[in-house]
Amino acid sequence: DAGITQSPRHKVTETGTPVTLRCHQTENHRYMYWYRQDPGHGLRLIHYSYGVKDTDKGEVSDGYSVSRSKTEDFLLTLESATSSQTSVYFCAISDPAGVGYEQYFGPGTRLTVT
Amino acid sequence: GENVEQHPSTLSVQEGDSAVIKCTYSDSASNYFPWYKQELGKRPQLIIDIRSNVGEKKDQRIAVTLNKTAKHFSLHITETQPEDSAVYFCAASGGSYIPTFGRGTSLIVHP
């Protein structure tokens, strides 16, 4: 597996609390992505980054924000968690201008909002 | 934006049979089409990909075909084995490097 980790791997939180998920890579890939995976919906893009401090929204960005202050870290924040944000969250990286278009996924974070 | 449709959502086969999963896409500018395999509780991992300048690509028991005119591409798995049981995702992307994924196909291979 590519050098990509996510923390925490599991989290249970209450509605209305803020939550931050971290993605860390050691591959120096330029692009980083956050997806959520729900049954029947596949992988849906939340936000992505194409460089330090360069981010953009995906198809399901409402209720989420991101930050990338250095190449290796991409943070996903739920400002006020809701039950609809219970999901498995995957981070991914790619390096289209370098090794290629392939995306490498992290191990995932299972988030439960009660 | 890009829209990717994937069928079937579930596919059940006997060990040794072939399996075919089909995807269609909407954006004619898409030029990269990967397939990912996700085993239960694991992360998605690339198993094969194809670019728009190629019609077919093969890697041992798996192959992918692309029809750019019709905007569809397919994954073919021959001589299926129980360890092929997983969820398979297709995706399409173009110059933005932002892939759009299909909803996935759950492949079940019965011994």
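Chain letters run A, B, ... following the sequence lines, proteins first, then strands; residues in each count from 1.
- Residues Val52(A) and Phe74(A) fall into different hydrophobic clusters, defined by Ile, Leu, Val, Met, Phe, Trp and Tyr side chains chained together at heavy-atom separations under 4.5 Å.
- For Arg103(B) (side chain) and His41(A) (main-chain N/O), no donor-acceptor pair under 3.5 Å exists by modelled atom type.
- Around the CD atom of Glu83(B), the shell of radius 6.0 Å holds more than 12 heavy atoms that belong to other residues, nucleotides or ligands.
- Contacts of Tyr33(A) with chain B are made by side-chain atoms alone, with heavy-atom separations under 4.5 Å and no backbone atom involved.
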Going through the distances and angles, do Ile98(B) and Tyr31(A) end up as a side-chain contact (heavy atoms from CB on, under 4.5 Å)?
CA-CA 9 Å; Ile98(B) 309 302; Tyr31(A) 278 70; 4.3 Å; yes
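- Glu14(A) CD: 12 or fewer foreign heavy atoms inside a 6.0 Å radius.
- Cluster annotation: Tyr64(A) is not connected to Leu75(A) through the hydrophobic network of ILVMFWY side chains, with a link wherever side-chain heavy atoms come within less than 4.5 Å.
- Heavy atoms of Thr100(B) lying under 4.5 Å from chain A are absent altogether.
- Summarising the local packing, CD of Glu15(B) is surrounded by more than 12 heavy atoms from other residues, nucleotides or ligands at distances under 6.0 Å.
- Within a 6.0 Å sphere centred on CZ of Arg110(A), other residues, nucleotides and ligands contribute 12 heavy atoms or fewer.
- Linking ILVMFWY side-chain heavy atoms closer than 4.5 Å, directly or via other members, places Val64(B) and Leu46(B) in two distinct hydrophobic clusters.
- Ile47(B) and Phe73(B) end up in the same hydrophobic cluster when Ile, Leu, Val, Met, Phe, Trp and Tyr side chains are linked at under 4.5 Å.
- Summarising the geometry of Gly42(A) relative to Phe89(B), their closest heavy-atom pair is CA-CE2, 3.5 Å, with the distance given to 0.1 Å.
- Looking at Pro34(B), there are no atoms closer than 4.5 Å to chain A (heavy atoms on both sides), in backbone or side chain.
- Both Leu107(B) and Ile48(B) belong to a single network of hydrophobic side chains, linked directly or stepwise wherever heavy atoms of I, L, V, M, F, W or Y lie under 4.5 Å apart.
- When each of Gly58(A), Gly40(A), Gly108(A), Gly106(A) is scored by its heavy-atom pairs under 4.5 Å with chain B, the top score falls to Gly106(A).
- Neither the backbone nor the side chain of Glu59(A) comes within contact range of chain B; no heavy atoms are under 4.5 Å apart.
- Because its NZ or CZ atom is both nearer than 6.0 Å to the ring centre of Tyr101(A) and within 45° of the ring axis, Arg51(B) counts as a cation-pi partner of that residue.
- Taking the six-membered ring for Trp and the full ring otherwise, Tyr97(B) and Tyr48(A) have centroids separated by 6.0 Å or more.
- Only the side chain of Leu45(A) comes within less than 4.5 Å of a heavy atom in chain B; its backbone stays farther off.
- Counting all heavy atoms, side chain and backbone alike, Gln38(B) lies closest to Phe90(A) at NE2-CZ, 3.5 Å.
- When side chains are defined from C-beta on, Gln103(A) counts as touching Pro99(B), because their heavy atoms get closer than 4.5 Å.
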